[in-house]
Structure formats: C-alpha cells, structure tokens
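Below is one structure, written out as structure tokens, with a few remarks after it.
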Amino acid sequence: MPEGPERSADDAAHHTAGDDVVERIYADGVAMVQLLGPQDRLLRVVEREHPDVQVHVRGNEITLRGSADAVARAHALVDELIALSRTGHGLDPSDVVSSDRILRGDSGQRPSEVLGEAILSSRGRIIRPKTLGQKGYVDAIDENTITFGIGPAGTGKTYLAMAKAVQALQRKEVSRIILSRPAIEAGERLGFLPGTLTDKIDPYLRPLYDALNEMMDPEIVPKLMASGTIEVAPLAYMRGRAQPLDANVLTPDGFVPIGSLKVGDFVIGSNGEPTAVLGVFPQGKKQVYRVGTQDGGATLACGEHLWTVTTRDDKRRGRSRVIQTSDMVGNLRASHYHRYELPLVEPVHMVAQPIPLDAYALGLLLGDGCITTRTTPTFCTADAELVERLSDCIPEIDVVHKDRYDYVLQRKGGGGRGGVITANPLTTIIRDLGLAGTTSSTKFVPSQYLVNSVEVRLALLQGLLDTDGGPVAQRSRSCRVQYTTTSARLRDDVVYLVRSLGGVAYVRTRAAEGRTPGVAGGRPVPYVHDAYVMDIRLPDHVEPFRLTRKRDRYRATPVGRPQRYVHSIEPAGEVETVCIQVAAEDSLYVTDDFLVTHNTLNDSFVVLDEAQNTTPEQMKMFLTRLGFGTRMVVTGDITQIDLPQGASGLRLVTRVLRDIDDIEFVYLTSDDVVRHTLVGRIVDAYTEYDEQRLASRREHDEASAFANRATRRGQQSRPGGPRDHLPKRGMS
C-alpha cells in the first residue's frame, strides 16, 4: 500500500472483508485536521449520523467498514466535507448534519455547492447558508423583489436576511437599509411603557441591533444610523410618514388638500410632471411639526415623515440621503451653515388653459400700466423696446405716445372723432379678469395665469421683471434678480411663479413709515404703502428677462443656483393625518410652497421581522411602501402569533399574494434549524403534538356531526315526532 503522503486527498482504497465493504480515504494534513475537528468532535458527529458504519482514523487515512450502501453514503459525506474544507469553509457539527441531510435528500445538489456560497465575511467569520432550505431562501432573495421567509425559530430567517441587506449595501446595490418589526409581544401599547421612546422600543429591536453589530464594525453602525443609511424602527412608527389632511399637495390643476386625494388621482413629482397616486393611507391623529425653509416656505408633517436631503459632505460624494423629520430636530446647523438642503422641483407642468390676454403683456401692464379703467388704459416706460413688445402682444390696440414716458392704449382705429363708439377691447379684458380698478398696491395675477403651462407662467414673470425687476450683480458674488412691489397679493403671486419654475424667492419688507419721501415734479411725495423687495434665483435654463439690456447684464455675471434648506422644525400640535404613495420613480411629490418630499422607500433593502404579529392592515401598508430599486424580505413563524384571535397579516398574505410574479414564499422546516440540535427536536415535537391535536379535534367533530344526523333521522321517523304536535293548517 502506498504511503499517505504519496496519495492525493481524493484517492481511496476499496476491498471487501466478508460481507462488509472496507474503503480507505486519504486526505492531506490540513483537510484531515478540519475533518476531525477539535477533540475529534466532527468525527463523532459522522459516527452518530452513520451508526451502521465503523469509522477508524490513523494518520492521514480514514477507514470505513460496513454494508456497501452504508459505506457509500458515509464516503460521499466525507468527500463533501473535504471539499468544503478546501474552500476555506470552517467546519462545525451543523455542517456535518446539514451535508448528510442534503446527501440523503433527492435534490441532486452537492453540499459543497450549497454550503460553500459565502454571503458576508465579518471579523473572521463567514456567513453562508447551512442547509438546503437556507440556500433556497438566499437564492429567492437574489431573484425576487419580495421574499417571504416562513418557518420555526432557529432557521436563520432574520440572520440571513440581515446578511443579504448588509451585502447589498456594501456592494452599493441599495442606498439604505430599513429594519422593522412589530412591537406588540408584551401585549402593551408603547405609550404606556416607561422611559423615553428609545427605552420603549429598544427591547423589541435588540435582536436587529445585535445582528448588525456582528456583521459590521460596531463603530460604523451608529454613524450609518445617524446619517439615515440604516434605519431601525418598529412597524407602528414606520407607517406614520404622514401629513395633516389639510396640507396642500400640488396637482396638474393646482394645489389641493392631501385629504381629498384618492387612488388614481395625479400629483406633481419632483421632475415637474404628473405622477399617479398609488395608495392613500389614513394615519389617525399624530403629532405634527412645522418644517420651514430659509426662503419662508413651510409645511406640516409628522416626526416619521421622510425627506430627501443633501449635506455638504453628501455634495462632495455626489449623493443624497433620506431621513425623518425627527432626525433633523436640533441638528439643523453645521457651524453657521444650514445642514440639510432640499431638492427643488423642476418647472411644473400644469394643465394649459386659454387666456384672454397674452401673458407677457399682462406682466407689463401689472408692472407699469394704469388699469383702473376710469380712463383708457395707459402704459409708462422709458424703454422703447417694451412699447414695441407690448404693441406686438396686443394687436387689437394701438400704443399711442402721449407724453414723455406715457403711452395710451387705444383700440385699433379709435383715435379719430365720430363714428360708432365701441368698447376698448383691452378694457373689456381687464374687467373680465377682475383687475379693473386695481392700483399699484392692490394688483394681482388672475388664477388662470397662475395655474397654467410653463410657457404662460414664465412669460408673465418675464413681463413683471422687465418692468419692476432687474439683475443685481455684485463683485465676487453671483448675479440675482430683484423685484419690488407694493401689493402684498402680487408679492405672493410672484413668489408662487418663481417657485413653480424651480426657483427660490426671499422677501423683505421696507416699511412706508419713517422712509425718506421721494420727489416728483420737484415736490416731496411721502410713501403710503409698504414695499416688498424680493431677491430671486432661478435655474440656469430659465431666462428671467426679455428686455435686451437686462438680459445682457444678467448673463454677463455668473448666475447662482437656487437652493432651499431646512431652517426650522417646530411642534404644531396633534391632528388627523394621512399618507400617500405615488408612482414617481424617486417617490417624491410636491407639497405646500412647492416643497419636495416623499414617503416611500426607494433603493432600499427592507427587512420586516416577526411578521406573524402584523395585522392584515399593517401588512398591506408595509408592502405598498415598496419603491423603485427596493427589495423586501418578510420573515415570521405562523405558529407563534401573539395577536388576539390569531388575525395575522402574514397568514393572510400567503393566500392573497401566492400567485403574483416576483414574490416568493420560502418555507423553512426543522431540518433548517441551525441552532442547538435540540431546537430542531423541540420544533418536531410541537409539530407532532399540533398534528395529533388537530386530528383528534377533527375526529371529535366528525363523531358529533354523525350523532346529530342520527338523532335528526330518528326524530323524523318516529310517529309523534317533533312535527306531529304542530297544528295543521285551518285548525285552531
């Protein structure tokens, strides 16, 4: 017989001894040490799993003696364990048991293929599936958007899902991890538990924290949680991403209360385009906060409402993050800078509607026109270019020079005397728009111009800025646009126009009282109305001016980009709330003051643990949070339901969603238990007990039903049965 070192690890000698078969397997020293385990622990597991095979080890040689079939099975097990050890897989007793079960099954897969796939390596430990069921579970997570892992405790449902989540984050397949579980095991409401919110929820989330700390550097986990990259929250808090019923949401027809929306309606997304509402979820009464921006915008949202923000560090890395309202409270400034920048909406595309007067012409008249209609409308300007543009925009009128800077807007051909007197068409339009009689302090933009196409709104703004606005260029600073009006209503309308085109507007007030009087005709003229001065920044692709001299000056200086930052967050009481889900790819929609927000989960890996304790309503709410680029894993054990009357959302969803593509249900059994081997036996014992109890109850129900049927038949066949005492029809 050749010496062990001269044989390969795969070589084996085979011969028969009587009725027994004897096989010898040779392995190199490293493989043999791995195969035996500390104090021959793994060898004893092999002997326990194959009691009809005698196993002897001497040096690098393993001898198997027994019947041909038994030796073949044991030989196959040893070969697979050697193959696993060569891949760097650290063998333990569970690997031996799992490998033997795989070989005894009819799956046709090799244990070295099933158990050799590493998911994650952390601090010298390699996380990988350890059973055939776990391998199928991991493959299902890779191949499906939503995966349900259902099985008894100890089968690795949550642990493997966490490992896949961390793996996806490290590979940059997702931008965040969201971990959740229902917090009802104690049968108590969180509000009645002692301590702070963290104290209340930590005991329920501790298994998730522990798993994270095992799979990642414990020093990194708090930083990722602080940045919103990892979110751990009870299901009840995860569902509350809501706004008050009267919070406004922008639609193609203008702003409407969010409480009036229904599935199928359209709202405006961050790209300015309409996007469908996929879900509307009432949230009940919740504490809400007023979230304000540095340019005066504000909206109301609950503490769990989501916001896409960018910090200075995020800008350098070219990324953004999603955090909750509560995460920003008390953390809004970094030194003297605003910390959280919000995305800006692209120019909003609303439903186009007919207008009676050219939008640019209306802007010019609101700026430098007299439209009281007591006399013929007039226009005052020193720019001949504006006079020409106004004349081109209103072909029905003649712009007639009256004085130095004054022009009269007469109807076409109406300058002569005599003939039939007809109304000035411009005067008629002004009256129809409700602008007749308005002065510089009461002018406004009619609603049909505010809720209209991008072209109409931009032309109107250009008319206003060509008259009462202008570029402001300062040394070493980017150029901005400044606009002034004495009408509070027109001020708000201009802010609306700027924001609807993707810009920002800062407003300050110059009080009339105390200001040095102006001079007109050599006489002092005191100010009567406060002036509202707006500093405006628009996106680079939006041209604010048509007047040549203003446009050239504006473009001669670098134009700064508009920015919106979260400036303040203050409690605003408790109100009825609702949340919506939209079909936009980034899940963003536009709320009050054109603020961009969202409340679904994009580019995330979401794990819902202990899902057997979710109600059907909670399960539906959770699954409909699914966003683009997101994967969900739902785990639970339907034999351990803590809900009253067993009304489990997990139990219901197995029937409702079982035939939908891209959703997979994986059922793990006691064979997949990877804790102490005693756990698997406990699970089997309880399963057998439940089956016996169910069979006994079924037999009892069948016997009771048979006895009831026999009793009814006997009563009907006896004379004077239960029907004989009834009075016949017609008898008293």
Side-chain angles (χ1 to χ4, degrees), residues 4-5 9-12 22-66 70-105 109-135 152-156 159-160 163 214 669-685:
D10 294 327
D11 289 340
V22 178
E23 290 197 12
R24 293 184 176 86
I25 306 172
Y26 301 92
D28 60 69
V30 175
M32 183 60 72
V33 171
Q34 288 267 358
L35 186 60
L36 297 180
Q39 299 178 348
D40 294 343
R41 185 182 304 165
L42 301 187
L43 179 61
R44 288 196 292 272
V45 177
V46 173
E47 292 175 331
R48 188 186 68 214
E49 296 297 317
H50 294 268
D52 49 355
V53 176
Q54 298 178 21
V55 183
H56 301 280
V57 177
R58 178 169 294 180
N60 289 359
E61 179 183 277
I62 301 175
T63 302
L64 306 176
R65 181 189 296 269
V71 169
R73 289 193 296 268
H75 192 171
L77 174 61
V78 173
D79 283 344
E80 290 296 328
L81 294 176
I82 293 175
L84 277 173
S85 68
R86 286 175 173 171
T87 64
H89 186 109
L91 299 177
D92 57 39
S94 64
D95 293 322
V96 179
V97 175
S98 298
S99 298
D100 192 59
R101 286 178 178 172
I102 294 172
L103 291 171
R104 291 177 186 270
Q109 298 193 56
R110 296 181 55 191
S112 55
E113 297 172 349
V114 174
L115 308 181
E117 177 185 343
I119 300 174
L120 201 64
S121 178
S122 174
R123 291 184 287 176
R125 296 180 63 247
I126 298 178
I127 301 172
R128 50 169 48 98
K130 294 189 175 182
T131 68
L132 189 61
Q134 289 189 351
K135 178 63 163 59
T155 52
Y159 198 77
L160 289 176
E214 284 186 28
T669 67
S670 59
D671 291 340
D672 300 304
V673 172
V674 292
R675 293 181 186 171
H676 196 286
T677 54
L678 193 57
V679 175
R681 299 175 194 172
I682 293 172
V683 171
D684 286 338

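Position 1 is the first residue of the sequence, and the numbers go up from there. The figures here come from the full heavy-atom set of this structure, side chains too, leaving out hydrogens, waters and symmetry mates.
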Might you point out which heavy atoms bring A163 and L120 nearest each other, and give the distance in Å? O-CD2, 4.2 Å
Over all atoms of both residues, closest heavy-atom pair of M32 and A27: CE-CB, 4.1 Å
Could you tell me whether the side chain of D52 reaches within less than 4.5 Å of the side chain of R73, counting heavy atoms only? yes
Taking the side chain as everything from C-beta on, heavy atoms only, tell me whether R58 gets closer than 4.5 Å to T63. no
Yes or no on side-chain contact (heavy atoms from CB on, under 4.5 Å) for V22 and H56, after CA distance, side-chain angles and deciding distance? CA-CA 11 Å; V22 178; H56 301 280; over 6 Å; no
At what distance, to the nearest 0.5 angstrom, does CG of L43 lie from CG of L81? 10.5 Å
I need the H75 NE2 to R24 CZ distance, nearest 0.5 Å. 12.5 Å
Which residues pass the side-chain contact (heavy atoms from CB on, under 4.5 Å) test with L42, sequence neighbours left out? L91, P93, V96
Output yes when a side-chain donor or acceptor of Q134 lies under 3.5 Å from a complementary backbone atom of T155, and no otherwise. yes
What is the minimum heavy-atom distance between P152 and S670, and which atoms define it? CG-N, 4.3 Å
Between I119 and L160, the two heavy atoms sitting closest are CD1-CD2, 3.9 Å
Out of curiosity, R65 CZ to E23 CD, how far, rounded to the nearest 0.5 Å? 12.0 Å
Just how far is it from atom CG of L77 to atom CG of L64, taken to the nearest 0.5 Å? 9.5 Å
